[in-house]
Amino acid sequence: MEEIWKDIPGYEGRYQVSSLGRVKSLAHTVSRRNLLTGGMSHVRVADRLLKPQPQPSGHLDVKIGHNPARHFRVHRLVALAFLGPCPSDMEVCHNDSDPTNNRVDNLRYDTRSGNRLDMVR
């Protein structure tokens with residue numbers, strides 16, 4: 001499967017998620033105050049892959065944004081970018097029940113009971 005990158009809704013131009021379940025921050029300029037001189041400097045930061053953090057549930061989280069930063073489940077970001085908004089009364093399900101497999105072809109929207117049936121299988 002070819003890796004396709006899409007903007008994360010609400011973070012367009014700042015963060016993207018891929019069809020393979022990876023998340024990156026896009027290149028941007030950061031302003032920093034020099035504590036010695038009091039002046040400001042501007043530093044260009046390149047694209048950077050974010051390192052997902054495993055949670056007790058087995059799902060992977062990333063922290064995006066600042067002031068304040070927020071934690072998001074990677075599978076939810078992938079589904080939002082590639083499948084669209086989650087319908088009410090539905091949740092993101094992993095077809096193979098592996099919470100670390102966040103490829104778009106492994107995700108779908110389904111009911112809570114459909115998600116629980118996946119876990120039993």
Side-chain angles (χ1 to χ4, degrees):
M1 169 184 243
E2 177 187 350
E3 187 168 27
I4 299 167
W5 290 91
K6 288 191 176 188
D7 283 335
I8 296 173
Y11 293 91
E12 292 86 351
R14 292 171 36 207
Y15 293 92
Q16 289 185 334
V17 66
S18 85
S19 56
L20 300 182
R22 300 192 309 159
V23 183
K24 69 179 176 180
S25 65
L26 299 176
H28 59 284
T29 301
V30 176
S31 299
R32 296 185 177 151
R33 181 173 302 281
N34 184 315
L35 297 177
L36 297 176
T37 66
M40 294 296 286
S41 64
H42 305 285
V43 179
R44 185 78 177 151
V45 179
D47 287 2
R48 181 177 66 90
L49 284 175
L50 303 184
K51 183 178 179 184
Q53 300 299 313
Q55 300 303 302
S57 65
H59 294 92
L60 301 175
D61 276 14
V62 291
K63 185 168 68 171
I64 65 174
H66 65 284
N67 294 334
R70 293 185 55 202
H71 291 266
F72 291 92
R73 297 278 166 103
V74 174
H75 66 282
R76 290 183 184 166
L77 295 175
V78 174
L80 180 62
F82 287 90
L83 304 178
C86 185
S88 60
D89 299 334
M90 302 286 258
E91 50 190 55
V92 183
C93 301
H94 294 83
N95 293 327
D96 65 1
S97 297
D98 177 0
T100 64
N101 182 357
N102 296 310
R103 295 169 58 112
V104 69
D105 59 0
N106 187 50
L107 302 177
R108 72 180 192 288
Y109 289 130
D110 203 344
T111 61
R112 178 168 290 272
S113 62
N115 200 8
R116 298 288 179 230
L117 287 172
D118 284 349
M119 289 182 233
V120 171
R121 281 185 235 133

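Nothing fancy with the numbering, it's 1 onward along the sequence.
Between Asp105 and Met1, some side-chain heavy-atom pair lies under the 4.5 Å cut-off. Two residues are said to be in side-chain contact when any heavy atoms from C-beta on lie closer than 4.5 Å; Asn95 and Arg108 meet this criterion. Within the 4.5 Å cutoff, the side chain of Arg32 has heavy atoms near those of the Val43 side chain. A 4.5 Å side-chain heavy-atom check between Leu107 and Phe82 finds every atom pair outside the cut-off. A 4.5 Å side-chain heavy-atom check between Cys86 and Arg76 finds every atom pair outside the cut-off. The shortest side-chain heavy-atom distance between Asp61 and Phe72 does not fall under the 4.5 Å cut-off.
Summarising the local packing, CG of Asn34 is surrounded by more than 12 heavy atoms from other residues, nucleotides or ligands at distances under 6.0 Å. The neighbour count for Lys24 NZ, taken as heavy atoms of other residues, nucleotides or ligands under 6.0 Å away, is above 12.
By the ring-ring contact (aromatic ring centres under 6.0 Å, His included) test, Tyr15 pairs with Tyr11, sequence neighbours left out. Taking Thr29 as the reference, Arg44 meet the side-chain hydrogen bond (donor to acceptor under 3.5 Å, both in side chains) condition, with sequence neighbours excluded. For Ser18, the side-chain hydrogen bond (donor to acceptor under 3.5 Å, both in side chains) test picks out Glu3, with sequence neighbours left out.
Rounded to the nearest 0.5 Å, atoms OG (Ser19) and CG (Asn106) are 12.5 Å apart. Going from atom OG1 of Thr100 over to atom CD of Gln55 covers 13.0 Å, rounded to the nearest 0.5 Å.
Leu77 and Ile4 end up in the same hydrophobic cluster when Ile, Leu, Val, Met, Phe, Trp and Tyr side chains are linked at under 4.5 Å. Tracing side-chain contacts under 4.5 Å through hydrophobic residues (I, L, V, M, F, W, Y), one never reaches Val104 starting from Leu80; they form parts of separate clusters. Linking ILVMFWY side-chain heavy atoms closer than 4.5 Å, directly or via other members, places Val30 and Ile64 in two distinct hydrophobic clusters.
When all heavy atoms of Pro99 and Ser57 are compared, the closest pair comes out as CG-O, 4.0 Å. Between Pro54 and Leu60, the closest heavy-atom pair is CA-CD2, 3.8 Å. In terms of heavy-atom proximity, Val78 sits nearest to Gly21 at CG2-CA, 3.8 Å. Of all the heavy atoms in Val17 and Ala81, the pair that sits closest is CG1-CB, 3.4 Å.
In the hydrophobic clustering, Trp5 connects to Leu49, either directly or through intervening members, whenever side-chain heavy atoms lie under 4.5 Å apart. When hydrophobic residues (I, L, V, M, F, W, Y) are linked wherever their side-chain heavy atoms come within less than 4.5 Å, Leu26 remains an isolated member.
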For this session: Starting from the C-alpha separation in whole Å, work towards a yes-or-no answer on side chain to side chain contact (heavy atoms under 4.5 Å, CB included) for Arg112 and Glu91.
Result: CA-CA 6 Å; Arg112 178 168 290 272; Glu91 50 190 55; 3.4 Å; yes
Problem set entry | Intermediate values then yes/no, side chain to side chain contact (heavy atoms under 4.5 Å, CB included), Ile8 and Val23 | CA-CA 9 Å; Ile8 296 173; Val23 183; 4.1 Å; yes
Exercise. Yes or no on side chain to side chain contact (heavy atoms under 4.5 Å, CB included) for Gln53 and Val62, after CA distance, side-chain angles and deciding distance?
Worked result: CA-CA 6 Å; Gln53 300 299 313; Val62 291; over 6 Å; no
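No hydrogens or angles considered: a donor-acceptor pair under 3.5 Å links the side chains of Asp7 and Gln16.
The ring pair (Phe, Tyr, Trp, His ring centres under 6.0 Å) pairs that include a residue from residues 21-69 are His59-His75, His59-His94, where partners are two or more places apart or lie in different chains.
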